[in-house]
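Notes follow the structure.
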Amino acid sequence: METLLAGKTVEQNRVEYKEGWNPNDIIHTICAFANDLHNVNGGYLVIGIRAEDGIPVLPPQGLPENRLDSIQQEIFQYCNLITPRYIPRIEVVNYENTGIYLIYLWCSAGDSGPYQAPVDVYAEKGKRKDKRMQYWIRPASLTVAADRDEIAELFDKFNSIPFDDRVNRKATIEDIRRGYLEDFLRDSKSSLVDEINKSSMQDLLLALEAADETDTGLNIRNIGVLMFTERPDKFIPGAQIDLVKFNTEEAEGSDDFFEKTFYGPIWKQVRDVLDYINTNIIEEKVVKIQGQAESERYVNYPYNALEEAIVNAVFHKSYREPEPVEIRIYLDSIVIINFPGVEKHISQEKFKTGKGRARKYRNRRIGELFKEIDLAEKQGTGITKILRELRKNGSPEPLFEMDENRSYLETTIFIREGFTKTAMSEKVSEKVSQKDSQKSEKREAFFYDLLDNKILIENSDMSELEKTRLARLLAYVEQLNGHKRITSARAAKILDIQQKTAARLLAKAEKNDILESEGKTKNKSYKIKNVS
């Protein structure tokens with residue numbers, strides 16, 4: 001507030017001072033700041049202070065204290081008349097603790113415009129209300145209705161900004177995890193790797209164009225949320241992968257299934273779900289052919305085809321819609337669903353043969369960053385690669401399904417002939433038999449039931465809840481973690497519990513001779529104890 005009233009840093013054409021509460025002028029100005037015609041990142045409104053030639057007159061007169069709540073309520077009420085709906089940030093300020101109250105509105109540039117508001121949001125008694133909608137702009141320090149050319153310019157402005165490149169008003173730099181940011185930079189072999197230890201997180205985000213620097217701090221773009229936050233779905237609903245594995249032919253008609261949701265940065269979601277599928281679903285067969293030196297090798301589902309299908313789903317889904325990417329694993333197929341489907345100008349026939357090309361990408365920044373870590377080629381080659389990998393493996397052709405409105409895309413990868421359609425695969429059975437053979441008097445007996453990813457830990461002094469939690473951790477350590485070690489911090493994330501609760505669970509498993517630890521306190525990690 002001191003900065004605004006002193007006229008420093010922030011350009012005066014981005015600040016509007018109002019002596020009193022005038023609904024029409026103020027709502028028009030809010031709408032104009034949201035439209036942000038000249039890309040100056042919106043502006044600020046201060047109610048309760050008079051201005052002369054754009055300069056605030058100090059000390060301010062202020063607003064009656066008994067009117068502060070009602071004015072705020074009316075601001076919300078009249079902002080609902082802005083289309084699309086737009087609500088600025090509102091704060092009541094006690095000027096220099098003098099008991100003079102001002103209302104401060106921060107009107108950042110909108111993401112879903114262009115915005116329009118009625119000529120009259122409020123009409124005095126005896127005056128007819130003008131309900132005509134206008135696009136309001138600020139070409140200089142005045143708020144005016146846009147003319148035809150300016151309206152066209154507004155539409156061009158908003159249509160040219162993909163959702164993943166827009167600012168997320170809910171996220172702050174505190175929501176960004178530096179570990180994810182550094183992992184991404186190392187994986188991408190970026191030249192920024194050399195600057196990691198010397199650069200602030202703000203500098204790294206700006207270099208990746210995952211944030212915008214403003215006179216009030218840092219605005220995180222949606223791409224920054226999707227790529228570098230712990231839970232993107234908390235800021236962008238649906239930014240997750242839901243997996244369900246059915247264990248019987250009845251599928252949806254049965255209660256015998258396993259569900260798992262993959263959270264974290266979207267590039268990590270892709271890798272984690274592929275790790276799960278590679279460990280628990282994909283099997284290889286080696287067939288000796290008489291009279292031939294080399295054996296024939298093939299898998300039930302080719303990894304590269306599934307990788308491409310899942311990456312496509314995450315890359316091309318609309319993050320404006322709250323529906324997550326879905327992966328449904330049946331006994332004879334894997335179905336990947338994303339919302340919506342491909343653009344209507346691409347014919348289904350061309351798309352199914354890999355010949356369809358998008359005119360523009362729905363999420364251009366996701367494509368750019370996925371390409372950096374070799375998750376996407378961004379050349380419209382995804383379907384061609386799926387077809388090539390399936391044919392190389394001898395698998396059936398995939399099935400691509402969309403409705404007439406292209407509201408979804410359903411990609412079905414069928415199991416290769418030669419694999420039994422049973423819930424317990426040979427690969428899983430082999431793991432179970434190996435674990436059953438490793439009995440020890442010094443270690444609690446535990447039985448791996450990989451059908452639903454639970455491990456029942458017998459003869460221990462743990463509660464049923466602790467057994468279930470430990471089961472999930474052991475499955476993770478045994479199957480997914482290449483280093484076969486786990487920390488209390490990682491365990492807490494997997495189980496969605498507090499770290500101290502996870503630490504107690506790991507310590508109890510060590511006491512029961514199930515895990516063994518290495519290191520001390522914060523650096524302590526655990527692994528499954530070797531059996532003699």
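Atom set for the values below is all heavy atoms of this structure, side chains included, hydrogens, waters and symmetry mates excluded.
Between Phe228 and Phe184, the gap from one ring centroid to the other is short of 6.0 Å.
With salt bridges taken as basic N to acidic carboxylate O contacts below 4.0 Å, none links Glu150 and Arg148. Salt bridge Asp36/Arg14: absent, no basic N to carboxylate O contact under 4.0 Å. Ion pair Lys189/Glu372 not flagged as a salt bridge, since none of the NZ, NE, NH1 or NH2 atoms sits closer than 4.0 Å to an Asp/Glu carboxylate oxygen. With respect to Asp120 and Lys129, no salt bridge is recorded, no charged nitrogen being found less than 4.0 Å from a carboxylate O. Salt bridge annotation for Glu389-Arg391: absent, with no cationic side-chain nitrogen under 4.0 angstrom from a carboxylate oxygen. A salt bridge links Arg186 with Glu182: the closest approach of a Lys/Arg side-chain nitrogen to an acidic carboxylate oxygen falls below 4.0 angstrom.
Side-chain contact check for Glu174 and Thr172: at least one donor-acceptor pair (N or O, by modelled atom type) lies under 3.5 Å. For the residue pair Thr261 and Asp242, a side-chain donor N or O sits within less than 3.5 Å of a side-chain acceptor on the partner. Residues Glu230 and Tyr180 bring a donor and an acceptor atom of their side chains to less than 3.5 Å of each other. Under the 3.5 Å distance criterion, with hydrogens and angles disregarded, no donor-acceptor pair is assigned to the side chains of Ser407 and Asn405. A donor-acceptor pair shorter than 3.5 Å can be found between the side chains of Asn80 and Arg85.
Rounding to the nearest 0.5 Å gives a distance of 13.0 Å between CE of Met227 and CG of Asn222. The structure places CE of Met201 at 7.0 Å from CZ of Arg178, a figure rounded to the nearest 0.5 Å.
Side-chain contact check for Gln72 versus Ile103: some heavy-atom pair is nearer than 4.5 Å. The closest side-chain heavy-atom distance from Glu401 to Leu399 is below 4.5 Å. Put simply, the side chain of Arg365 does not reach to within 4.5 Å of the side chain of Pro162, judged on heavy atoms. In this structure, Ile223 and Leu208 have side chains that are not in contact, with every pair of non-hydrogen atoms separated by 4.5 Å or more.
Taking the centre and axis of the six-membered ring of Phe262, the NZ or CZ atom of Lys260 falls inside the cone set by 45° and 6.0 Å.
Contacts of Thr29 classified as side chain to side chain donor-acceptor pair (under 3.5 Å), with partners at least two apart in sequence or in another chain: Thr143.
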Intermediate values then yes/no, salt bridge (charged side-chain N to carboxylate O under 4.0 Å, His left out), Lys245 and Glu259
CA-CA 6 Å; Lys245 177 178 178 289; Glu259 291 181 288; over 6 Å; no
May I have the step-by-step check of side chain to side chain contact (heavy atoms under 4.5 Å, CB included) for Leu37 and Arg138, ending in yes or no?
CA-CA 7 Å; Leu37 179 64; Arg138 285 177 68 85; over 6 Å; no
Determine, stepwise, if the pair Phe246 / Tyr330 fulfils ring pair (Phe, Tyr, Trp, His ring centres under 6.0 Å).
CA-CA 5 Å; Phe246 298 101; Tyr330 299 92; 5.0 Å; yes
Walk me through whether Tyr319 and Phe163 qualify under ring pair (Phe, Tyr, Trp, His ring centres under 6.0 Å).
CA-CA 7 Å; Tyr319 289 90; Phe163 180 80; 7.2 Å; no
With side-chain hydrogen bond (donor to acceptor under 3.5 Å, both in side chains) as the criterion, how do Trp21 and Glu74 come out once you've worked through the C-alpha distance, each side chain's angles and the decisive distance to 0.1 Å?
CA-CA 10 Å; Trp21 167 230; Glu74 288 176 37; 2.7 Å; yes
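The closest donor-acceptor contact from the side chain of Asn94 to the backbone of Gly99 lies under 3.5 Å.
Other residues, nucleotides and ligands contribute over 12 non-hydrogen atoms within 6.0 Å of the CG atom of Asp156.
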